[in-house]
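Notes follow the structure.
The first residue in the sequence is number 1, and the count goes up from there. Values below: all heavy atoms of this structure, side chains included; hydrogens, waters and symmetry mates excluded. Both ligands and their constituent atoms are indexed starting at 1 by order of listing.
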Amino acid sequence: MEEKLRQLQVEANGAIEAAQDVAGLEEVRVRYLGRKGEIADIMGKMKDLSNEERPLVGKFANQLKNEISAKLEQRRRTLGTGAAETEKVDVTLPGMQRRLGHKHPITQTMERINEIFLNIGFRILEGPEIETEFNNFTALNIPQDHPSRDAFDTFYLEDEFLLRSHTSTVQIRLMQKERPPLQAIMPGRVYRPDATDASHSFMFHQVEGLMVDERVTFADLKGALDIFAKQMFGTQTRVRFRPHFFPFTEPSAEVDVSCIICKGKGCRVCGQKGWLEILGAGSVDPAVFKAVGYDPRQYTGFAFGMGVERIAMLIYGVDDIRLFFENDLRFLRQF
Ligand code: DAH
């Protein structure tokens, strides 16, 4: 019987070495160590042995069992790594690239504008894109049926609601809630039913500003916008105010900066004029103060509003507003 065990030892070692995969090893385990396997068979026959022989054979059989178990485990490990090798991981392949995202150029421009006004004492306020007709028109001195509604016409929703056509609505909200002194800018998205082309979009972004206190003058407006223009477009930039009309300001002006491309000499971008229009502004109309319950004899103020896309197009040299909204990464990755 001892002879038989020695033979099993040799056989089992050979079978373990020969196994090519984990399934093959399992077969070997069952054949030798299984409940009906070779070793169990020998153990079953031990009762026929003499009293002297039985403990010796028993000991040997147990040793062999442990030895086969250990060898099976060892072989399983080498087969394990062997399997990984056959997957053929090519360590010379380039790794997977994860591109870092960044802020949209419109967001970057808006944040730059915000930062400049924050530095001169303005705070940032936001308001809802769905507004009331009162906040968007009536309180801003644009009564129903007044022709100047056309210039800011918008998308109407149910009842008195609409999509705001400018962020001036936030000026009204602020003045209704607080008393002067007030100094705030209002960045946000606005809507107008303009036909889309290279310079128009039904949706765009604005930053508006408002300052109200006793004795605020047009000179304060000029000072604030001069600082803005120089910080945004460069210290050599000059600013010019042209008389204009807005319902919510009196007097009103359109504001130009000296062309950032030709520095005022005249080029294609400024249409040979040397100036680029960047925003509208003026002294707050007394009618607006009345609408929010301020006494126009006590308070004066200024307001202004600019299109963020227009500014972004100027500083980045983009000639079509639609590029900002098409989500084409080949465009957006350039900023
Ligand atoms: N809403 C004007 C525009 O779209 C810009 C503007 C002008 C805004 C004067 C104002 C303002 O708040 O007071 O051109």
Side-chain angles (χ1 to χ4, degrees), residues 110 113-114 117 122-127 129 131 135-142 146-155 162-176 180 182-194 199-213 216-225 228-229 239-257 276-292 294 296 299-311 313-314 321:
M110 192 143 68
I113 298 169
N114 290 348
F117 285 106
F122 286 74
R123 64 177 148 143
I124 299 175
L125 285 181
E126 288 183 313
E129 290 171 27
E131 263 292 2
N135 286 349
N136 198 75
F137 289 125
T138 314
L140 288 160
N141 198 28
I142 317 176
H146 193 282
S148 67
R149 275 208 185 197
D150 291 352
F152 306 102
D153 216 350
T154 183
F155 298 99
L162 43 74
L163 295 182
R164 68 180 177 190
S165 55
H166 38 214
T167 55
S168 322
T169 52
V170 189
Q171 302 181 10
I172 300 303
R173 287 172 175 268
L174 170 63
M175 288 191 282
Q176 282 176 331
L182 301 172
Q183 218 182 333
I185 52 165
M186 302 94 183
R189 195 174 290 157
V190 301
Y191 301 84
R192 293 183 196 175
D194 287 336
S199 55
H200 292 85
S201 167
F202 62 89
M203 182 281 296
F204 60 98
H205 299 76
Q206 274 195 330
V207 176
E208 292 221 356
L210 175 73
M211 178 170 181
V212 183
D213 201 353
V216 172
T217 70
F218 205 92
D220 296 313
L221 169 66
K222 290 183 94 170
L225 292 182
F228 166 72
V239 179
R240 148 176 115 164
F241 287 67
R242 281 180 291 106
H244 194 71
F245 169 80
F246 292 114
F248 25 82
T249 44
E250 181 59 34
S252 305
E254 274 186 339
V255 179
D256 300 340
V257 290
L276 298 164
E277 186 209 319
I278 56 157
L279 55 85
S283 294
V284 180
D285 195 295
V288 175
F289 284 147
K290 280 189 197 139
V292 295
Y294 286 3
Y299 296 118
T300 52
F302 66 73
F304 60 87
M306 68 188 92
V308 180
E309 281 75 3
R310 164 111 181 117
I311 308 253
M313 286 167 81
L314 289 175
I321 193 172

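Each of the atoms 12 (O) of ligand 1 lies under 4.0 Å from some heavy atom of Gln171. Heavy-atom proximity to Thr249, at under 4.0 Å, picks out these atoms of ligand 1: 13 (O).
Of the candidates Phe204, Phe246, Phe248, it is Phe248 that places a heavy atom closest to atom 11 (C) of ligand 1. Looking at His166, Arg192, Glu277, Met186 and measuring to atom 4 (O) of ligand 1, the nearest heavy atom belongs to Arg192.
In this structure, Leu163 CG and Glu129 CD are separated by 8.0 Å, a value rounded to the nearest 0.5 Å. Taking CG of Leu279 as the reference point, atom CG of Asp256 lies at 9.0 Å (rounded to 0.5 Å).
For the side-chain contact (heavy atoms from CB on, under 4.5 Å) test, residues two or more places apart in sequence or in another chain that qualify with Ala253 are Phe218, Phe241. Shown here are the side-chain contact (heavy atoms from CB on, under 4.5 Å) partners of Asp153, two or more places apart in sequence or in another chain: Tyr156.
Under 4.0 Å from ligand 1, the heavy atoms of Ala281 that appear belong solely to its backbone.
Among protein heavy atoms, the minimum distance from atom 12 (O) of ligand 1 is reached at Glu208 OE1, 2.6 Å. Looking only at protein heavy atoms, the nearest one to atom 5 (C) of ligand 1 is Gly305 O, 3.8 Å.
Between the Glu131 side chain and the Arg164 main chain, no donor and acceptor come within less than 3.5 Å of each other. Not one N or O on the side chain of Ser283 forms a donor-acceptor pair closer than 3.5 Å with the backbone of Pro251.
Within the 4.0 Å heavy-atom shell around ligand 1 one finds Gln206.
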